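Computation of the quantities below employed the complete heavy-atom set of this structure, encompassing side-chain atoms and omitting hydrogens, waters and symmetry-equivalent molecules. All values reported here derive from a predicted model rather than from experimental measurement.
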Amino acid sequence: MSILRSLLMLVVVVAMAAAGALFALQNEATVPLDVLVYSFAPRSVALWVLAAFALGGIAGLLMASLLVLRLRARLRLLRRQLHKTQGEVESLRSKDIVVSD
């Protein structure tokens with residue numbers, strides 16, 4: 001199963017690289033990029049689009065990483081609380097509690 005997963009991942013990576021190369025070859029026009037206070041030198045449209053795509057992917061990975069770290073911290077806290085509660089339940093079960101009517 002892991003061989004199939006690795007092979008599928010390789011096919012996807014190669015397909016993405018081929019699509020990026022074809023996109024770059026088809027979009028050779030150069031355009032400058034103006035960002036509010038700074039103007040970048042003219043580069044190909046494909047470079048700007050692929051750079052924006054890559055930066056968006058990196059930003060998404062960073063945000064997902066922060067979310068995963070926050071969820072792991074919460075999971076650790078909840079496991080500690082569960083362990084403490086289970087200890088309290090066991091200590092109460094070990095005591096003989098008599099309820100009088």
Side-chain angles (χ1 to χ4, degrees):
M1 185 68 174
S2 67
I3 294 173
L4 182 61
R5 175 178 270 161
S6 299
L7 184 61
L8 182 62
M9 185 63 86
L10 179 65
V11 168
V12 168
V13 168
V14 169
M16 293 294 285
L22 286 174
F23 181 76
L25 290 173
Q26 294 295 321
N27 294 290
E28 294 178 356
T30 59
V31 292
L33 180 65
D34 294 323
V35 182
L36 293 180
V37 295
Y38 187 76
S39 180
F40 290 95
R43 303 277 186 221
S44 72
V45 173
L47 176 70
W48 293 128
V49 171
L50 292 174
F53 183 72
L55 288 174
I58 291 170
L61 287 173
L62 288 174
M63 295 302 290
S65 296
L66 291 174
L67 180 64
V68 166
L69 289 175
R70 194 177 92 194
L71 289 173
R72 283 185 181 175
R74 179 81 175 144
L75 180 62
R76 241 187 337 267
L77 173 69
L78 291 174
R79 282 185 177 163
R80 266 190 256 125
Q81 288 177 351
L82 177 62
H83 183 67
K84 179 181 173 186
T85 305
Q86 285 174 337
E88 290 174 1
V89 167
E90 289 302 318
S91 69
L92 290 174
R93 283 183 182 163
S94 65
K95 294 179 182 178
D96 290 330
I97 300 175
V98 178
V99 179
S100 61
D101 291 323

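- Applying the salt bridge (charged side-chain N to carboxylate O under 4.0 Å, His left out) test to residues at least two apart or on different chains, the pairs with a partner in residues 78-92 are Glu90-Arg93.
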May I have the list of side-chain donor-acceptor pairs in residues 64-73 shorter than 3.5 Å, sequence neighbours left out?
unit_1 : atom_1 : unit_2 : atom_2 : d
Ser65  : OG     : Leu61  : O      : 2.8

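- A search for ring pair (Phe, Tyr, Trp, His ring centres under 6.0 Å) contacts involving Phe40 returns Tyr38, Trp48, not counting sequence neighbours.
- Pairs passing the salt bridge (charged side-chain N to carboxylate O under 4.0 Å, His left out) check and including a residue from residues 27-56, sequence neighbours excluded, do not occur.
- In the hydrophobic clustering of ILVMFWY residues, with side-chain heavy atoms under 4.5 Å counting as a link, Leu33 and Leu47 come out apart.
- Leu77 contributes atom CG, which lies 11.5 Å from atom CG of Leu82 (distance to the nearest 0.5 angstrom).
- Using a 4.5 Å cut-off between side-chain heavy atoms of Ile, Leu, Val, Met, Phe, Trp and Tyr, with links allowed through other members, Leu50 and Val35 fall into the same hydrophobic cluster.
- Checked against side chain to side chain contact (heavy atoms under 4.5 Å, CB included), Thr30 has the following partners two or more places apart in sequence or in another chain: Pro42.
- Heavy atoms only, all atoms of each residue included: Ala24 and Ala46 are closest at CA-CB, 3.4 Å.
- Other residues, nucleotides and ligands contribute only 12 or fewer heavy atoms inside 6.0 Å of the CZ atom of Phe53.
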Side chains of residues 1-21: which donor-acceptor partners sit under 3.5 Å, not counting sequence neighbours?
unit_1 : atom_1 : unit_2 : atom_2 : d
Ser6   : OG     : Ser2   : O      : 2.9

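- Counting heavy-atom neighbours within 6.0 Å of Gln81 CD, excluding the residue itself, gives a total above 12.
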